Amino acid sequence: MKKTMLLKKDKLSSQKQKYLFLITIMILGFTFSFIFFALIAKEDKTILQNEINLFFQNVKTNQLNTTNSLINSLSSNLLSISLVWLLGISIIGLPFIIFFLFFKSFILGFSIISILANYGLKGILLIIPYLFPHQIIYLIIWLLLSFYASSFSIKLFKILFLKKNLNLQEHFIKYLKIASLCLVTSIICSLFEVYISPKLISLFIF
């Protein structure tokens, strides 16, 4: 009994460390996005400013192509989740999984700092409906999927090279369930992002 409790405690401690590591990668992604924005040329910032203004103007005038937006969002999420899942079942996928999480955080951070730089403090009013809840849920999805993908990749390495006696089938089924859950959740987020989020953003456009 005591041995079982110790094993569970060690497992929880290991999981906590993995989550902390992945969260740190996400924080680094946000940090580097702010640094990158500060370093890009003024001409690039002007182009970016025009793109942001065009986006919010289209939201305000209800001129967004919802069909194309939904297709792009769904295909992007499907591709991303499939890619991370495949990386998880490969032995060499771990560094790519970490980079993927960094990249997703970088893109979101870059979007936030771009809006703030363009609209100043008033941009906070636009960021709130831009982020909540779908972008936050996306981050949770990528964190959860990255955790299980990296964990499965490590287990696969232990089985093949360290000859560890692990129930690979059990872990694979669990990994597949997590990926399916992330996929379904991402579809719901895409629907919210395309059909509801623009309406919420339009309430804060000045």
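This one's a predicted model, so the numbers in the text were calculated from it and none came from an experiment.
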Q: Hey, could you give me the OG/CD1 distance between S33 and I107, rounded to the nearest 0.5 Å?
A: 9.0 Å
**Q.** Check: F152 ring centroid to Y175 ring centroid under 6.0 Å
**A.** yes
Q | Which atom of C182 lies closest to which atom of I141, heavy atoms considered | A | CB-CG2, 3.7 Å
Give every donor-acceptor pair under 3.5 Å between a side-chain atom in residues 23-30 and any protein atom, sequence neighbours left out.
residue	atom	partner	partner atom	Å
T24	OG1	L20	O	2.7

**Q.** Close side-chain approach of I112 and L131, heavy atoms under 4.5 Å
**A.** yes
Q: Give a yes or no answer on whether the side chain of S73 reaches the backbone of S69 with a donor-acceptor pair at less than 3.5 Å.
A: no
Q. Any side-chain heavy-atom pair from S197 and I201 closer than 4.5 angstrom?
A. yes
Q | Partner set under ring-ring contact (aromatic ring centres under 6.0 Å, His included) for F34, not counting sequence neighbours | A | none
Q. For Y130 and L200, what are the C-alpha separation, side-chain angles and deciding distance, and is it a side-chain contact (heavy atoms from CB on, under 4.5 Å)?
A. CA-CA 8 Å; Y130 176 79; L200 295 177; over 6 Å; no
Q.
With heavy-atom distances below 4.5 Å as the criterion, would you say the side chains of K122 and F204 are in contact?
A. no
Q: Please test L83 against L87 for side-chain contact (heavy atoms from CB on, under 4.5 Å), starting from the C-alpha separation and ending with a verdict.
A: CA-CA 6 Å; L83 177 61; L87 289 171; 4.2 Å; yes
Q.
Hydrophobic clusters here meaning ILVMFWY residues chained together by side-chain heavy-atom distances under 4.5 Å, can you tell me if F110 and I136 are in one?
A. yes
(Q) Would a single hydrophobic cluster contain both L139 and I128, if residues Ile, Leu, Val, Met, Phe, Trp and Tyr are joined by side-chain heavy-atom contacts under 4.5 Å? (A) yes
Q: Decide if atom CD1 of I35 counts as having more than 12 heavy atoms of other residues, nucleotides or ligands within a radius under 6.0 Å.
A: yes
Q: Using side-chain contact (heavy atoms from CB on, under 4.5 Å) as the criterion, list what pairs up with L156, not counting sequence neighbours.
A: I91, L160, L168
Q) Taking a hydrophobic cluster as the set of Ile, Leu, Val, Met, Phe, Trp and Tyr residues connected by side-chain heavy atoms closer than 4.5 Å, whether directly or through intermediates, do L108 and F36 fall within one such cluster? A) yes
Q.
Are the side chains of I52 and S114 in contact, using a 4.5 Å heavy-atom criterion?
A. yes
Q) Strictly under 6.0 Å, is that where the ring centroids of F161 and F157 end up? A) yes
Q) Got a donor-acceptor contact below 3.5 angstrom from the S82 side chain to the L79 backbone? A) no
Q: Quick one: pull up CD in Q57 and CG in L64 and give me the separation to the nearest 0.5 Å.
A: 10.5 Å
Q) What's the spacing between N65 CG and I71 CD1 if we round to 0.5 Å? A) 8.0 Å
(Q) Please check if the number of heavy atoms outside F192 that lie under 6.0 Å from its CZ is greater than 12. (A) yes
Q) Same cluster or not: are L94 and F21 linked, directly or through other Ile, Leu, Val, Met, Phe, Trp or Tyr residues, by side-chain heavy atoms under 4.5 angstrom apart? A) yes
(Q) Working note: L145 + L101, criterion side-chain contact (heavy atoms from CB on, under 4.5 Å); need CA distance, chi angles, decisive distance, verdict. (A) CA-CA 9 Å; L145 187 60; L101 187 61; over 6 Å; no
Q) Does some side-chain heavy atom of S150 sit less than 4.5 Å from a side-chain heavy atom of I98? A) no
Q. Is there a side-chain contact between I124 and L121 (heavy atoms, below 4.5 Å)?
A. yes
Q: Look up atom CG in N165 and atom CD1 in I159, then write down how far apart they are to the nearest 0.5 Å.
A: 8.5 Å
(Q) Would you compute the distance between atom NZ of K164 and atom NZ of K155 and round it to the nearest 0.5 angstrom? (A) 12.5 Å
**Q.** Atom CZ of F99 with >12 non-hydrogen neighbours under 6.0 angstrom
**A.** no
Q: Over all heavy atoms of both residues, which pair between I137 and C189 is shortest? Give the atoms and the distance, please.
A: CG2-SG, 3.4 Å
**Q.** Worked check of side-chain contact (heavy atoms from CB on, under 4.5 Å) between I81 and W142
**A.** CA-CA 8 Å; I81 291 174; W142 304 134; 3.5 Å; yes
Q: State, yes or no, whether a side-chain contact exists between N50 and F55 at a heavy-atom distance under 4.5 Å.
A: no
**Q.** Axial cation check for Y148 ring with K174, 6.0 Å and 45° limits
**A.** no
**Q.** Atom CG of L39 with >12 non-hydrogen neighbours under 6.0 angstrom
**A.** yes
Q. Heavy atoms, side chains only, cut-off 4.5 Å: are Y119 and L125 in contact?
A. no
(Q) Applying the side-chain hydrogen bond (donor to acceptor under 3.5 Å, both in side chains) criterion to S190, which one of N77, T185, N72 satisfies it? (A) N77
Q | For the student: nearest non-hydrogen atoms of F100 and S80, plus distance | A | CZ-CB, 3.6 Å
Q.
With clusters defined by side-chain heavy atoms of hydrophobic residues (ILVMFWY) lying less than 4.5 Å apart, directly or transitively, does Y138 cluster with I188?
A. no
Q | Exam field: side chain S153 to backbone S90, donor-acceptor pair closer than 3.5 Å | A | yes
Q: Report, as yes or no, whether the 6.0 Å neighbourhood of atom OH on Y19 holds more than 12 heavy atoms from other residues, nucleotides or ligands.
A: yes
Q: With rounding to the nearest 0.5 Å, note down the distance linking CD1 in I140 to CG in L143.
A: 8.0 Å
